[in-house]
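Report on one structure; see the data block that follows.
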Amino acid sequence: MGLANKTIVFVAGLGCIGKDTCKALVKRNVKNLIILDRLDKPEIIDEIKKVNPKTNVTYQSYDVMAPVSESCKTLAKIFAKYKKVDVLVNGAGILDDHAIEKTIAINFTGLVNTTTAIMPFWDIRNGGPGGSLCNIGSVTGFNAIYQVPVYSASKAAVVSFTQSLAKLSKITGVKAYTVNPGITATSLVQSFNSWLDVEPCVAQKLLEHPTQTTEQCAESFAKAIERDENGALWKMDLGTLEPIKWDIYWDSHI
Ligand code: NAE
């Protein structure tokens with residue numbers, strides 16, 4: 001998908017990976033970039049706008065933990081204003097295995113709720129035009145960092161949910177894929193709690209191994225959005241973008 005003239009809604013576009021990905025998107029002449037985030041950082045919005053003044057960059061405060069009815073209201077306003085949204089990026093995430101319920105609420109339930117809220121506008125069964133859903137999973141959704149089993153499982157849930165949506169694309173007309181970063185140098189991984197403190201030095205140990213920069217991750221991210229491949233599982237690690245092949249161990253046959 002050429003991104004010029006597209007309208008993209010980016011949930012969590014002001015985080016470390018989010019900000020650099022937004023910059024990579026506006027460089028590609030996206031028409032409208034609507035950033036939804038719990039953070040309110042006008043200076044980051046200005047930074048993104050400066051990269052390409054031709055892109056219309058806007059911000060709305062958004063908490064993925066709000067009830068789905070709130071997400072529906074936010075999206076209804078966006079569709080009323082812009083008429084068409086081509087891509088929804090779901091990127092909100094936290095890493096703190098002491099905060100079990102919050103991790104699941106933000107990393108998984110919030111993503112499911114925002115997705116559920118956009119479907120009536122996109123679903124071809126309602127006469128909608130379809131759309132593309134880009135969900136941020138993690139390499140930990142493929143193979144866990146077992147010292148943070150709650151975070152890792154929340155990302156595995158994102159991967160699984162998105163794979164089902166990709167299969168439902170025949171019915172809904174909505175494409176779905178995940179972008180799954182490897183360890184990326186952001187504040188998220190600088191220091192975090194392991195589950196039951198099983199590894200007090202988990203962040204330190206993790207960061208002894210090679211990581212990628214947010215700029216590298218952002219470039220892969222924008223390329224994956226351009227590829228727009230239904231059902232893709234993109235690994236974005238150490239500056240590369242690589243499709244993951246998922247083995248099938250069971251089939252529902254329906
Ligand atoms: P970050 O903390 O800078 O960004 C987190 C973003 O989520 C921020 O924009 C924040 O405002 C938003 N957010 C959190 N709670 C929210 C809420 N209730 N409502 C709305 N927005 C909310 O960290 P980041 O590293 O840039 O992470 C961005 C995404 O990438 C997250 O989903 C994260 O899980 C994912 N990710 C990061 C890494 C990494 O190494 N940094 C990896 C994979 C996936 C590798 C690992 O899994 C450790």
Side-chain angles (χ1 to χ4, degrees), residues 9-24 34-41 44-45 48 59-68 70-71 74 88-97 99 101-114 117 134-159 161-162 178-194 199 202-207 209-218 220-221 224 233-239 241 244:
V9 172
F10 200 131
V11 177
L14 298 182
C16 302
I17 293 174
K19 177 183 86 169
D20 281 333
T21 306
C22 284
K23 288 183 178 175
I34 303 143
I35 298 174
L36 306 180
D37 205 311
R38 190 183 52 172
L39 293 174
D40 184 5
K41 295 220 166 166
I44 299 184
I45 299 288
I48 297 167
Y59 162 79
Q60 284 181 49
S61 172
Y62 187 71
D63 186 342
V64 297
M65 288 199 294
V68 69
E70 287 302 311
S71 307
T74 301
L88 168 66
V89 180
N90 278 312
I94 59 163
L95 172 47
D96 177 359
D97 261 30
E101 277 154 9
K102 203 170 163 195
T103 297
I104 295 163
I106 293 176
N107 296 11
F108 183 56
T109 314
L111 177 144
V112 174
N113 281 346
T114 307
C134 171
N135 288 335
I136 307 189
S138 161
V139 289
T140 67
F142 305 149
N143 299 102
I145 299 174
Y146 61 85
Q147 298 87 344
V148 282
V150 180
Y151 174 83
S152 300
S154 73
K155 292 297 186 176
V158 170
V159 170
F161 175 68
T162 311
T178 51
V179 290
N180 299 279
I183 308 304
T184 310
T186 73
S187 48
L188 188 100
V189 291
Q190 287 315 304
S191 139
F192 57 90
N193 294 312
S194 62
E199 177 48 82
V202 61
Q204 201 183 319
K205 288 193 165 175
L206 196 64
L207 295 174
H209 300 278
T211 60
Q212 65 182 353
T213 64
T214 50
E215 289 86 356
Q216 286 175 312
C217 184
S220 298
F221 201 142
L233 293 157
W234 293 110
K235 182 169 85 163
M236 311 191 298
D237 194 24
L238 302 174
L241 176 69
I244 293 298

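Counting convention: from 1, in listed order, for ligands and their atoms alike. Predicted, not measured: the structure shown is a model, and the values here were computed from it.
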Closest protein heavy atom to atom 6 (C) of ligand 1, given as residue, atom name and distance to 0.1 Å: A12 CB, 3.8 Å
Side-chain donor-acceptor pair present, N193, D97, cut-off under 3.5 Å: no
From T184, T214, D40 - option closest to atom 39 (C) of ligand 1 by heavy atom: T184
Heavy-atom proximity to atom 20 (C) of ligand 1, best of F221, Y151, Y62: Y62
4.5 Å side-chain heavy-atom contact, V9 and Y62: no
M65 CE to N113 CG distance, which is reported to the nearest 0.5 Å: 11.5 Å
A92 neighbourhood, listing ligand 1 atoms whose heavy-atom distance to it stays under 4.0 Å: 7 (O), 13 (N), 21 (N), 22 (C), 32 (O)
From the candidates T186, I136, I145, L207, the one that places a heavy atom nearest atom 30 (O) of ligand 1: I136
Contact (N/O only, under 3.5 Å) between C16 and ligand 1: yes
Any side-chain heavy-atom pair of I44 and Y59 under 4.5 Å: no
Which residue and heavy atom of the protein sit nearest atom 26 (O) of ligand 1, plus the separation: I17 N, 2.8 Å
Closest protein heavy atom to atom 18 (N) of ligand 1, given as residue, atom name and distance to 0.1 Å: D63 OD1, 2.8 Å
A185 heavy atom under 4.0 Å from ligand 1: no
Check: G15 N/O within less than 3.5 Å of ligand 1 N/O: yes
Proximal candidate to atom 28 (C) of ligand 1 [heavy atom criterion; set G91, S187, G93]: G91
Any N180 side-chain heavy atom under 4.5 Å of I244 side chain: no
Reported NZ-to-CD1 distance for the pair K41 and I48, which is rounded to 0.5 angstrom: 11.5 Å
Nearest neighbour in protein (non-hydrogen) for atom 9 (O) of ligand 1: D37 OD2, 2.7 Å
Side-chain heavy atoms of K19 within contact of T214, under 4.5 Å: no
Rounded distance (nearest 0.5 Å) linking atom CG of D63 with atom CD1 of I106: 7.0 Å
Taking atom 23 (O) of ligand 1 as the reference point, the nearest protein heavy atom with its distance: L188 CB, 3.5 Å
Ligand 1 to I106 polar contact by distance, N or O atoms, under 3.5 Å: no
CD/Q190: more than 12 non-hydrogen atoms of other groups inside 6.0 Å: yes
Nearest-neighbour protein heavy atom for atom 14 (C) of ligand 1, which is reported as residue plus atom name and distance: R38 NH2, 3.4 Å
Proximal atoms of ligand 1 relative to I183 (non-hydrogen, under 4.0 Å): 40 (O), 45 (C), 48 (C)
Sub-4.0 Å heavy-atom contact, K155 with ligand 1: yes
Mutual orientation of the aromatic rings belonging to F161 and F108 [parallel < 30°, tilted 30-60°, perpendicular > 60°]: perpendicular
Distance from atom 43 (C) of ligand 1 to nearest protein heavy atom, with residue and atom: P181 O, 3.2 Å
Per-atom contacts, ligand 1 versus G182 - under 4.0 Å to a heavy atom: 40 (O), 42 (C), 45 (C)
Note, I183 side chain near H209 side chain (heavy atom, < 4.5 Å): no
Spacing of CD1 belonging to I45 relative to SG belonging to C22, to within rounding of 0.5 Å: 7.5 Å
Residue and atom name of the nearest protein heavy atom (relative to atom 19 (N) of ligand 1), distance in Å to one decimal: V64 N, 3.0 Å
